[in-house]
Each structure stands twice: as structure tokens, then as C-alpha cells.
K.L.:
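For reference, the structure I am asking about is given below.
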Amino acid sequence: DTAVSQTPKYLVTQMGNDKSIKCEQNLGHDTMYWYKQDSKKFLKIMFSYNNKELIINETVPNRFSPKSPDKAHLNLHINSLELGDSAVYFCASSQDSARWTSTDTQYFGPGTRLTVL
Amino acid sequence: SQQGEEDPQALSIQEGENATMNCSYKTSINNLQWYRQNSGRGLVHLILIRSNEREKHSGRLRVTLDTSKKSSSLLITASRAADTASYFCATAPKTSYDKVIFGPGTSLSVIP
């Protein structure tokens, strides 16, 4: 069984549209993350949730809104997509149970390649 | 420069040779982790080394940590074509707000 899964794997859309990416982990982890990887492979954290609570919000435009309905799911909704949003988005999870600590091994999903035209 | 920076940016070797990648960081850390990313895939955790450890092994992988120099190295021995991937170090800084920070990665090509 896949530990961290994301859907869709590929997403091609027009500028100005709204889209969502879903993430689920079946590892029983308390903490989940969203990362953005640009064309130069630089991986930047966007959000972190611990037990459905937002912990990290790294100066991401408010067009990006994460939602965690339960601790196994962390979805990412993006409004008014822009060309610069094109990237690969990775979901990850870790066992970190302490609210302000996220230093454990992270398990990554396969990524969602978003292309904004 | 940023926390967790790998060196070199790209490395090309022949199958069977050893590959060494280095990571430097700036602040004190709880631990340092190495990840591998195959093309088109997510990152896969390789090794976690804690700040009180100096060396760790896992199969053909050897990681060292020198906290006085704020640096770590990843050695892959007897490389294989399947080791071709990007390798990232991730540091978990000791701050009041702990989070893992990834470096820009080293792209390793192993030529058969």
C-alpha cells in the first residue's frame, strides 16, 4: 500500500483557474507538509500541519489554502492560478507529535506536476 | 548562503567508483538527514544522523557529521547506474521553531 499518496499526478490548467491537490497518508503520522519544487529542483516548504492544526505557513500567497479534514489528509487548494505557480508539489508526512517540532524522517508522496498555461 | 547546501551541484562518475557529496549548514542542528530523488519521483529518506553522532552506515552508504565544521558528507561506495538521482541534505535546526530545511541538492550521474 502506498504510504503517502497524492492526486492528481499531473495537472494542466489555464491561468486564473482554481484547482485542488489531495494528499493522504496511511502511516498514522501526526504531521503533514506541502512543499513546492521549482524547475531547479529547489524544495521549499509551504505549509505544515500537526494534528489538523496549521503550524508552518512560509510566506505563501493567500491564494494557496491548505485544508486538513483529519490528520491523515492535507489538501491544497489554489485560487487564481498564475504562471509562476507551475512546479511540482509534494506532500509529505512525519511522525513528529510535538506541536512545534518537525524534525523526524519525512515520507514523501510522488508529487503533482502543475502546469499553468 | 542557505542552511543545508550541498556540494558539488553535479557529479558524474563511472559505475563502480565511489561518490562523495558534501553538505554545509550554518546553525546548530538537532539532526541531519539525507534524501534521494529519482527523476520524476518523490524524495526517499536514506539516513538520519543525530547531532551527537559522528558516523552512520547503511548498506553502501556512509554518512559523517562534523558539528564543529557544520558539515556532513554522504559516501556511496561501488556506485551503480541505479544510484543516478538527486541527493538532498536536510537539516533540522535547533531553534524554538524546529523544522527541516532542504538544501538545493547534488545531481549524481553514474555512467554504466
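Chain A is the first sequence line, chain B the second, and so forth, proteins listed ahead of strands; every chain is numbered from 1.
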K.L.:
Do B/Phe102 and A/Lys41 have side-chain heavy atoms sitting under 4.5 Å apart?
P.N.:
no
K.L.:
With a 4.5 Å cut-off on side-chain heavy-atom distances among I, L, V, M, F, W and Y, is there a chain of contacts connecting A/Leu83 to A/Leu114?
P.N.:
yes
K.L.:
Transitively linked via ILVMFWY side-chain contacts under 4.5 Å: A/Met15 with A/Ile78?
P.N.:
yes
K.L.:
Picking from B/Leu48, B/Leu46, B/Asn31, what satisfies side-chain contact (heavy atoms from CB on, under 4.5 Å) with A/Thr105?
P.N.:
B/Leu48
K.L.:
Under 4.5 Å heavy-atom distance to chain B, tell me which part of A/Lys9 shows up: side chain, backbone, both or neither.
P.N.:
side chain
K.L.:
Output the distance between atom CG (A/Asp104) and atom NE2 (B/His45), rounded to the nearest 0.5 Å.
P.N.:
9.5 Å
K.L.:
Tell me, yes or no, whether the heavy-atom count around A/Lys44 atom NZ, taken from other residues, nucleotides or ligands under 6.0 Å, exceeds 12.
P.N.:
no
K.L.:
Do the side chains of B/Tyr35 and A/Gln106 get nearer than 4.5 Å, heavy atoms only?
P.N.:
yes
K.L.:
Clusters formed by hydrophobic residues whose side-chain heavy atoms approach within less than 4.5 Å: which one holds A/Tyr107, and what are its other members?
P.N.:
A/Val4, A/Leu27
K.L.:
Given heavy-atom pairs under 4.5 angstrom as the criterion, report whether the side chain, backbone, both or neither of A/Gln37 touches chain B.
P.N.:
side chain
K.L.:
Under a single-linkage definition using a 4.5 Å side-chain heavy-atom cutoff for Ile, Leu, Val, Met, Phe, Trp and Tyr, are A/Tyr35 and B/Val44 assigned to the same hydrophobic cluster?
P.N.:
no
K.L.:
Do A/Leu54 and A/Leu74 sit in one hydrophobic cluster, given that two such residues count as connected whenever their side-chain heavy atoms are within less than 4.5 Å of each other, even indirectly?
P.N.:
yes
K.L.:
Atom CZ of A/Phe90 and atom CD of B/Gln37: how far apart are they, to the nearest 0.5 Å?
P.N.:
4.5 Å
